[in-house]
Amino acid sequence: MPELPEVQTIVNDLKTAGLVGATISGARVCWSRTIAEPSVDEFCSQIIGQKIADISRRGKFIVFSFVSGLTMLIHLRMSGRLNIVDACADCTKHEHIIFNFGTNLHLRFHDTRKFGRIHLLKDPGRILDKLGPEPLDEKFTQEILKKRLLAHKRMLKPLLLDQAFIAGLGNIYVDEALWEARIHPCRTSCSLTDREIRSLHRAICLVLRRGLKNLGTTLGDGETNFYSVARRKGRNRDELRVFRRTGEPCPRCRTLIERMVVGQRSSHICPVCQQLEGR
DNA sequence: GTCTATGTTTGCGG
DNA sequence: TCCGCAAACATAGA
């Protein structure tokens, strides 16, 4: 599912495809709930003639900045995808929004589970300012992480998944980071030692950079999996140490990986490397 | 064919 | 403040 490395990969691919500088000539909305704001009618009329000045990422949002000053935010949620296809290509089953450029290309928003959302607005800060720090930004230091962890008394895993605490992490990379840092997901945020915080900070950066280098994580072959623009898969699955590896040996100590539910989310841990020990 | 787990976010109630 | 639960959906896999 698209987390920071997957969303960044999509943004990079959109830019490589040459979308910056292109002007949208119109949009067709096939599933209206995808458009979070404004109304579908307003969205379709306001998008006409918008020239793309930049494409970037904030947390798990794809950010289209237009020359006019308007911004389009796309959140893929679970199964959203952006495809650049020939304008003549038949419309496939889950293509909900189709952008035209007056060329032979289309940008199509494809979303099997229909949870993805698109905003078109003047002030993206209204949404983006609620997000926590960017983990790969140089301003995200150990000290910042420490200060934020100690400010809460919450279970670590749900806290790391909270986009207002830190932006861009999802279930896969949180499990991977906690394993790298040898910390149990049920630990309380304010109980971590300085050493553990330093380890966690490094681990978060490590697993995200690794995911990015491998162009994201595609878990299987299904429709709901991650694919970047042009349907390319990510190859980070082979690099995962614990996620969906229940019953396989821990790469560090060979103990079998266990699956447990933490904060209503499946979690994968090494019971020896990541102990709770009455903390 | 049926049942269940899945994963992101928001919102509600305790 | 924090937690659990449900909902928004369709699909994969048992």
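Throughout, protein chains are lettered first and strands after them, A, B, ... in sequence-line order, and every chain is numbered starting at 1.
In secondary-structure terms, DNA chain B builds stems of at least 3 consecutive Watson-Crick or G-U pairs, each pair having both distances under 3.5 Å, at B:2-6 with C:10-14, B:8-14 with C:2-8.
Cation-pi geometry between A/R231 and A/Y227 is met: the NZ or CZ atom falls under 6.0 Å from the ring centre, inside 45° of the normal.
Within the 4.0 angstrom heavy-atom criterion, no nucleotide atom of any strand lies near A/F61. Within the 4.0 angstrom heavy-atom criterion, only backbone atoms of the sugar-phosphate kind lie near A/R154; the bases stay farther away. Residue-level contact check: A/S266 touches the backbone only, with heavy atoms under 4.0 Å from sugar-phosphate atoms and none from bases.
The phosphate of B/dT9 has OP1 or OP2 within less than 4.0 Å of a side-chain N or O from A/Q163. Residue A/H75 places at least one side-chain N or O under 4.0 Å from the OP1 or OP2 atom of B/dT9.
Nucleotides B/dA5 and C/dC5 are separated by 14 Å at their P atoms, to the nearest Å.
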ask   = For nucleotides 9-14 of chain C, read 5' to 3', which letter fits each nucleotide if B means a protein heavy atom sits under 4.0 Å from the base, S means only the sugar-phosphate is that close, and - means neither?
value = BBSS--
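Rounded to whole Å, atom P of B/dT10 lies 12 Å from atom CD of A/E37. For A/L73 and B/dT9, the CG to C1' distance is 15 Å, given to the nearest whole Å. Distance, A/K60 NZ to B/dT9 P: 4 Å, rounded to whole Å.
For A/F165, the ring pair (Phe, Tyr, Trp, His ring centres under 6.0 Å) partners are A/H152, not counting sequence neighbours.
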